[in-house]
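Written below as structure tokens is the structure these notes are about.
Residue numbers start from 1 in every chain, and the chains themselves are labelled A, B, ... in the order their sequence lines are given, proteins ahead of strands.
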Amino acid sequence: MRWSQLFIPTLREVPAEAEVPSHQLLLRAGYVRQLSAGLYNYLFLAQRSMNKIIGIVRQEMDAIGAQEMYLPGLNPAEVWQESGRWDLMGANMFRLKDRWQRDYCLGMTHEEIMTFIARGELRSYKQLPQLWYQIQTKFRDEPRPKSGLLRVRQFIMKDSYSFDVDAAGLDTSYQKHYDAYCRIFDRCGLKYSIVEAHSGAMGGSQSHEFMVASDAGEDLIVIGRNYAANLEKAVSRPVPPAVPDPEGDLQPEQFHTPGQKSIEDVSAFDGMPPSSHIKSLVLVADDKPVLALLRGDHQLSETKFTSVAGVSEFRPAHPGEIADWMGAEAGSLGPVGMKMRIIADITLEGRRNMVAGANKTDYHLRNVTPGEDFQAEFADIRQVTAGDTDITTGEPLQLVKAMEIGHIFKLGYKYSESMGLRVQDEKGKDITPIMGSYGIGMERILCAAIELYHDDDGMMMPASIAPFDVVITPVNMKDAALREAAESLYAECKRAGLDPLLDDRDERPGVKFKDSDLIGIPFRITLGKKLAEGNVEVYVRRTKEKFDIALADAAAKVKALVTPS
RNA sequence: CGGGGCGUAGCGCAGCCUGGUAGCGCACCUGCCUUGGGCGCAGGGGGUCGCGUGUUCGAAUCACGCCGCCCCGACCA
């Protein structure tokens, strides 16, 4: 296509509201414009990239035998009420009423609708497995849209769903998606990690997230040489206590700690490192008090605690509740003598003679031994921290920020059960199919590519998802020889199967170079003085490498560079 | 929902404190010039100063209310 006729509104300056690189560049390069918080207009370039991304996703989904459908984004309340998610989704779901005052919502995801289709039509185990997918706009009333296209209120998702006779079938469907996702993200040129994820209240047995490490991400993942997990689920070997525990069968002994509230305070006061202290958190879990215990230098993992405690939600106790139950203020709390439920992190098991609050304001106890001076349920409720090591190999682990681009998980029977999906097995008996659910955030692929590949001059898009493969840049449109050579090269690129952009604007070369660097076209063929010798220059955006080549060979050369060998 | 910041031309900003004709750079239009990294010269167009109410002879500027956007936290199948 011809640049002179296209709408590519590039900006020289960064709009003030953009913070993360992908957001800044999407605006500067004229890919998108904001309509409202979390709502973006995808202009020509973004739409072209999105179409290429969607094309790759569609090919790979089709390749595993998934069947594409297209479901309504506008959903009646009833279907969501059946699964229970009408209430569960809370304010995150956009809701509206029709003219008869009937309730509707805008779909956040489509488990319910897919299950609705399945239960209406599937009758026999012979029809299974089924893999269904769609590429559809999703709506979520995010409490805080942010970071450009990374967290928005309307976005395009590829979501697929599997229906299988049994768990073994689900394993197969799950693995197919796992492999397809790898091919998709590989083809999109992304560097990603696959992490074990928490499957949450979905009751799923297995879940993986596909994550791209980036400071723009909002999740934390733990990565080692042979380990990767979401922080919510990650396990590790903690750094050993800073000093060994005092030996002997010592009795708890109260000591005065006036005004010393935090572990750090008390630690500085009594000379024992935080790792020799017991951190006591008073929590209210499903309306009942629970005391959670951790090593002084550790943090509670809310996700682990929730599942260990077997509760749906919890919160820190209010000061009044703490005073009522413990008889002391926060800062002097401990497990000794407490009757409430106590859950202690496993790193406390086997420790001896530690320091804990005395449940008497401004007093602590030394020589507290877990399991002797108090009883507790021991479980892993600790969050991995920087410096921890791999639980099996002892190799270092890293905590990095990452963005989620894909998520697969085994749903189990949640929807098929609650919504009454049944088929007959070979004996004529009713069975409930087991489901899986698999999502990819389309614009996050675009964002991830930009976050991963950009420099001060702009984007460096992978060729597979760049809006164009190559830009042809005659340095002077007033020069008839350059113009004609550019035209014929443009035609030849098209014949070679490339997606070329002809920069036929009557602009100075500097403007054209800056713009094409900004919008991230992977290759540029520059036509200038060297054309007199029959040569043009090929410029590789990613490396800034340049080389001369005969005009006649340029198209074939770029074609070879674009197509991975 | 809690905390913070911002709202003046398409973009980036100044002006506000101390009320008195709305400015700068970029972008845009016209002409000349230039043509391998956002070139130069000359001329020009474009603004309900987020909205409302109040104070005042007079409000972009002061007060109050509202709205919008961004950031931090909470939240995020």
Side-chain angles (χ1 to χ4, degrees), chain A residues 7 9-20 23-24 27-28 30 33-40 80 83-86 88-93 107-112 138 140-148 150-153 155 157 159 161 197-204 207 209 216-219 230 232 302-303 313 315-316 403-404 407-412 414-415 435-439 441 456-458 473-479 482-483 503 505-518 524-531 535-537 539 544 546 548:
Chain A
F7 178 57
T10 58
L11 300 174
R12 193 181 288 225
E13 282 165 301
V14 184
E17 71 267 16
E19 195 94 343
V20 301
H23 189 199
Q24 295 180 342
L27 290 169
R28 278 194 63 207
R33 288 293 183 261
Q34 183 169 9
L35 176 64
S36 177
L39 299 175
Y40 284 84
W80 288 79
S83 71
R85 291 210 294 183
W86 178 261
L88 204 85
M89 289 304 191
N92 256 13
M93 187 152 73
M108 309 173 66
T109 170
H110 279 78
E111 279 83 2
E112 281 83 355
K138 306 292 186 198
R140 296 183 186 181
D141 194 357
E142 290 289 343
R144 185 150 91 83
K146 61 173 184 174
S147 304
L150 273 178
R151 181 162 290 278
V152 287
R153 298 196 291 174
F155 59 98
M157 184 186 225
D159 49 321
Y161 306 87
H198 180 77
S199 37
M202 307 305 297
S207 172
E209 289 170 338
E218 331 174 55
D219 296 320
N230 191 299
E232 289 183 342
E302 299 185 8
T303 317
E313 57 183 12
R315 60 169 172 84
M403 64 175 84
E404 179 184 347
H407 195 167
I408 57 178
F409 59 96
K410 297 182 179 175
L411 282 177
K414 180 179 164 75
Y415 298 92
M435 293 173 58
S437 161
Y438 319 87
D456 290 345
D457 292 319
T473 306
V475 297
N476 185 352
M477 283 305 287
K478 296 221 164 66
D479 183 323
L482 287 184
R483 219 167 49 224
D503 194 350
R505 294 175 299 167
D506 187 15
E507 289 285 355
R508 294 175 59 82
V511 173
K512 296 186 176 190
F513 295 156
K514 287 289 183 193
D515 272 345
S516 66
D517 279 355
L518 181 58
R524 185 179 77 211
I525 304 175
T526 313
L527 291 83
K529 294 190 196 83
K530 297 162 191 160
L531 189 66
N535 283 338
V536 297
E537 181 186 274
Y539 165 85
K544 301 212 158 165
K546 295 173 182 169
D548 293 340

Margin query: Taking only the P atom of each, what is the distance from B:C49 to B:U8 in whole angstrom?
Written below: 11 Å
Checklist line | Nucleotide forming a Watson-Crick or wobble pair with B:G7, both distances under 3.5 Å | finding: B:C67
Next item on the list: For the side chain of A:Glu17, starting at C-beta, report the closest nucleotide among B:C70, B:A77, B:C13.
Entry: B:C70
Margin query: Protein within reach of the bases, or only the backbone? For nucleotides 27-39 of chain B, mark each nucleotide 5' to 3' as B, S or -, using heavy atoms under 4.0 Å.
Written below: S------BBBBBB
Next item on the list: Assign A:Met93 to base, sugar-phosphate, or nothing according to its heavy-atom contacts below 4.0 angstrom with the strands shown.
Entry: nothing
Next item on the list: Could you check how far CE of A:Met89 sits from P of B:A77, rounded to whole Å?
Entry: 8 Å
Next item on the list: Take atom P in B:G7 and the same atom in B:A14, then report the distance between them in whole Å.
Entry: 7 Å
Notebook entry, point to check: How would you list, by chain and number, every residue that makes a ring pair (Phe, Tyr, Trp, His ring centres under 6.0 Å) with A:Tyr161, sequence neighbours excluded?
Noted result: none
Margin query: Could you work out, with side-chain contact (heavy atoms from CB on, under 4.5 Å) as the rule, every residue matching A:Pro316, not counting sequence neighbours?
Written below: none
Next item on the list: Sequence neighbours left out, what passes side-chain hydrogen bond (donor to acceptor under 3.5 Å, both in side chains) with A:His110? Give chain and number order.
Entry: A:Gln134, A:Lys138
Margin query: Side chains of A:Phe513 and A:Asp503, heavy atoms from C-beta outward: is any pair under 4.5 Å?
Written below: no
Check: Quick one: A:Glu13 CD to B:C13 C1', roughly how many Å, whole number?
Finding: 8 Å
Item checked: Spacing of the P atoms in B:G58 and B:G15 (rounded, Å) -> 26 Å
Check: OH of A:Tyr438 versus P of B:A77: gap in Å, rounded?
Finding: 19 Å
Item checked: Pairing residues for A:Gln24 by the side-chain hydrogen bond (donor to acceptor under 3.5 Å, both in side chains) criterion, not counting sequence neighbours -> none
Next item on the list: Taking atom P in both B:A63 and B:C6, compute the distance separating them and give it to the nearest angstrom.
Entry: 14 Å
Note to self: So which atom in A:Ser36 and which in A:Arg153 form the shortest heavy-atom distance, rounded to 0.1 Å?
What the structure shows: OG-NH2, 3.9 Å
Item checked: Heavy-atom pair with the smallest gap, counting every atom of A:Glu142 and A:Val152 -> CG-O, 3.4 Å
Notebook entry, point to check: At their closest point, which heavy atom of A:Asp141 faces which heavy atom of A:Ala91, and how far apart are they?
Noted result: CB-O, 3.5 Å
Notebook entry, point to check: Does the A:Arg85 side chain pair with the main chain of A:Trp80, one donor and one acceptor, at a distance under 3.5 Å?
Noted result: no
Please tabulate, one pair per line, each protein N/O and nucleotide N/O from nucleotides 74-76 of chain B that are separated by under 3.5 Å, including the distance.
from	atom 1	to	atom 2	distance (Å)
B:C76	O2	A:Arg151	NH1	3.2
B:C76	O2	A:Arg151	NH2	2.6

Item checked: Partners passing side-chain hydrogen bond (donor to acceptor under 3.5 Å, both in side chains) against A:Asp548 (at least two apart in sequence or in another chain) -> A:Lys530
Next item on the list: Could you check whether A:Ser147 gets within reach of a base, just the sugar-phosphate, or nothing at all, counting any heavy atom under 4.0 Å?
Entry: sugar-phosphate
Check: Does B:G73 have a Watson-Crick or wobble mate here (both distances under 3.5 Å), and if so which one?
Finding: B:C1
Note to self: Whole angstroms only, please: what is the CD-C1' distance between A:Gln24 and B:G12?
What the structure shows: 13 Å
Item checked: Euclidean distance for C1', B:C16 against B:U35 (whole angstrom) -> 45 Å
Item checked: Residues in side-chain contact (heavy atoms from CB on, under 4.5 Å) contact with A:Asp457, at least two apart in sequence or another chain -> A:Asp455, A:Lys514, A:Asp517, A:Arg541, A:Lys544
Notebook entry, point to check: Between B:A77 atom P and A:Phe155 atom CZ, what is the distance in whole Å?
Noted result: 11 Å
Checklist line | A:Glu19 CD - B:G5 C1' separation (whole Å) | finding: 11 Å
Check: Rounding to the closest angstrom, what is the interatomic distance between B:A60 and B:C51 at atom P?
Finding: 11 Å
Margin query: Between B:C28 and B:G36, how many Å separate the two C1' atoms, rounded to a whole number?
Written below: 26 Å
Check: To the nearest Å, how far apart are A:Ile408 CD1 and B:A77 C1'?
Finding: 15 Å
Checklist line | Set of residues satisfying side-chain hydrogen bond (donor to acceptor under 3.5 Å, both in side chains) with respect to A:Thr10, sequence neighbours excluded | finding: A:Asp515
Which pairs, protein N/O on one side and nucleotides 47-51 of chain B N/O on the other, fall under 3.5 Å?
none

Next item on the list: Specify the separation, in whole Å, of atom CD of A:Glu209 and atom C1' of B:A77.
Entry: 11 Å
Item checked: Nearest-angstrom distance, P atom, B:U48 to B:A9 -> 9 Å
Next item on the list: Could you pull out all residues at least two apart from A:Asp456 that satisfy side-chain contact (heavy atoms from CB on, under 4.5 Å)?
Entry: none
Notebook entry, point to check: Does A:Gln34 put a side-chain nitrogen or oxygen below 4.0 Å from OP1 or OP2 of B:G68?
Noted result: no
Strictly under 3.5 Å: I want the nitrogen or oxygen pairs between protein and nucleotides 41-43 of chain B, one per line.
none

Notebook entry, point to check: Closest heavy-atom contact between A:Lys512 and A:Pro474?
Noted result: NZ-O, 2.9 Å
